[in-house]
Amino acid sequence: MEPLHGRIRDYAWGSRTILAQLQGRPVPSDGPEAELWLGAHPGDPSTLNRGGAPLSLLDAFAEDPGRWLGADVVDRFGQRLPFLLKVLAPEAPLSLQAHPDAEQARAGYAAETTDPELTHRNYVDPYHKPEMLVAVSRFQALCGFRDPGDSADLLDAFGVPALAPVVAALRAGVDGLRDAVHTLLSWPSSERAALVAAVADAEVGERFATSAELARGLARRYPADPGVLVALLLNHLDLAPGEAIWMPAGNLHAYLYGAGVEILAASDNVLRGGLTPKHVDVPELLRVLRFEVLADPVVSPVQVSPAVVTWPVPVDDFALHGVRLDERVGSARLDLRGPRIALCLAGEVTVADAAGSALLGPGAAAIGRADGGPMTVSGDGELYVASVGLR
């Protein structure tokens, strides 16, 4: 294991306190800090220290992929790290979005790469992008479609006559979800502001108070965006620390605010569905979305040893383990395949393998090569460990 230096992304929706506090820097930060990236993403790879100079993980992997990645990872994913670990710090809502499955990503990337007249690209690489987020503070998010009947009752309660076709589609159940989303996202541009305002200004009963508050908050930021209405069709989650949400291909979701650790397949393929000034490709989004009810989006941790938990997911691109050490349990061992990245969130811990060790405090990270063997953790603190999900 050796120290790994991540990269902070300064998207406008980021917090000025969360990442700065985590890393012990002055608060507030000079500008918004939305994400801390740990990995080998080509857009902003993390670095190692080599003789006082930074070495990109991309270059390290290229120099010796066998030792860093391991033969089984190279065979399965090529000479690339298939996951990216992040700390997310949204202070404002992110866009509604979904991601393609592996087959859709390959086909979409191939088609767009050979189209000389294309003005907007949805597929910038041939990879899928499943994601999982674990809350490390109270975290609010939208994730997956809720029961269409409940959504119909909510929209009906706003008392906006123009929404009657959407309510009728939702009354048809899952079979009407596509029509409801299509109708909202295809709303005439000249009428969108009036629609959003009518919903935001409506008086509803106590039953729908939380959803009405969400609508008003989103409308203040996106006063002419029909995504405000689409958001109301999704599960509104208030995660406690340690709870996770799993977002497979075709799942419409958005993060609202809080602090969380996210692990995802290393891809940039995003289909947006609103709450953004960026391009929304409605036909392609509708093709990718899975119009099904996600009854229980929350994933609870599973204990694998006295100090270690994990959140099982049905992909092999990544796995995530949480480790919590104290005076009762002061050490833990993880047997992981391929490279692994450890991120400390609290306390002070030492991570070690056959190649070396690193002492980590809050906000610090380390990486281990595939040939490093079992990883041990000791100390008093909390950390997350990302690895591939190969069994």
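What you see is a predicted model, and the numbers here were worked out from it, not measured in a lab. Along the sequence shown, residues are numbered consecutively beginning with 1.
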Between [X] and [Y], is any pair of side-chain heavy atoms under 4.5 Å apart?
X: Val315; Y: Pro130; result: yes
X: Leu229; Y: Leu155; result: yes
X: Met375; Y: Val385; result: yes
X: Ser331; Y: Val377; result: no
X: His99; Y: His253; result: yes
X: Glu63; Y: Leu55; result: yes
X: Glu382; Y: Cys344; result: no

remark   = salt bridge (charged side-chain N to carboxylate O under 4.0 Å, His left out) filter on Arg178, not counting sequence neighbours, yields none

task = Could you tell me which residues satisfy salt bridge (charged side-chain N to carboxylate O under 4.0 Å, His left out) with Asp44, sequence neighbours excluded, listed by chain and number?
result =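 Expected list: Arg7, Arg9.
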
request  = Measure from the side-chain N and O atoms of Asp225 to the backbone N and O of Leu275, and report whether any donor-acceptor pair falls under 3.5 Å.
outcome  = yes

request  = Indicate yes or no for a side-chain donor-acceptor contact from Asp72 to the backbone of Asp75 under 3.5 Å, with no hydrogens or angles considered.
outcome  =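 Side chain of Asp72 to backbone of Asp75: no pair is present.
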
Electrostatic pair [X]:[Y] at N-O distance under 4.0 angstrom:
X: Asp156; Y: Arg171; result: yes
X: Arg76; Y: Asp316; result: yes
X: Arg333; Y: Asp335; result: yes

Applying a strict under-4.5 Å side-chain criterion to I, L, V, M, F, W and Y, I'd like to know whether [X] and [Y] cluster together.
X: Ile367; Y: Val351; answer: no
X: Leu256; Y: Leu294; answer: no
X: Phe318; Y: Val270; answer: no
X: Leu170; Y: Phe291; answer: yes
X: Leu336; Y: Trp311; answer: no

inquiry  = Listing request: all ring-ring contact (aromatic ring centres under 6.0 Å, His included) pairs with a residue in residues 202-236, at least two apart in sequence or in separate chains.
reply    =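 Found none.
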
Please tabulate, for the side chains in residues 210-217, all donor-acceptor contacts under 3.5 angstrom to protein atoms that are two or more places apart in sequence or on a different chain.
none

Surrounding [atom1] of [X] (heavy atoms of other residues, nucleotides or ligands, distance under 6.0 Å), is the total greater than 12?
X: Arg50; atom1: CZ; answer: yes
X: His182; atom1: NE2; answer: no
X: Arg272; atom1: CZ; answer: yes

Does one side chain, of [X] or [Y], offer a donor that lies under 3.5 Å from an acceptor on the other?
X: Asn122; Y: His279; result: no
X: His128; Y: Glu103; result: no
X: Asn269; Y: Asp125; result: yes

query = Can you list the steps and then say if Glu284 with Tyr123 is a side chain to side chain donor-acceptor pair (under 3.5 Å)?
reply = CA-CA 11 Å; Glu284 187 64 12; Tyr123 300 97; 2.4 Å; yes

task = Kindly give the cluster partners of Leu88, where membership spreads through any ILVMFWY side chain lying under 4.5 Å from a current member.
result =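 Reading the cluster by chain and number, Leu88 sits alongside Tyr11, Trp13, Trp37, Leu84, Leu94, Leu133, Phe139, Leu237, Leu239, Ile245, Met247, Tyr255, Leu264, Val298.
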
request  = Starting from the C-alpha separation in whole Å, work towards a yes-or-no answer on salt bridge (charged side-chain N to carboxylate O under 4.0 Å, His left out) for Arg138 and Asp238.
outcome  = CA-CA 7 Å; Arg138 180 188 175 194; Asp238 191 350; 2.9 Å; yes

key: Stepwise salt bridge (charged side-chain N to carboxylate O under 4.0 Å, His left out) check, Arg369 with Asp64   = CA-CA 10 Å; Arg369 300 191 309 254; Asp64 199 346; over 6 Å; no

message = According to salt bridge (charged side-chain N to carboxylate O under 4.0 Å, His left out), does anything in residues 24-41 pair up with another residue at least two apart or in another chain? List the pairs.
response = Arg25-Glu33, Glu35-Lys86

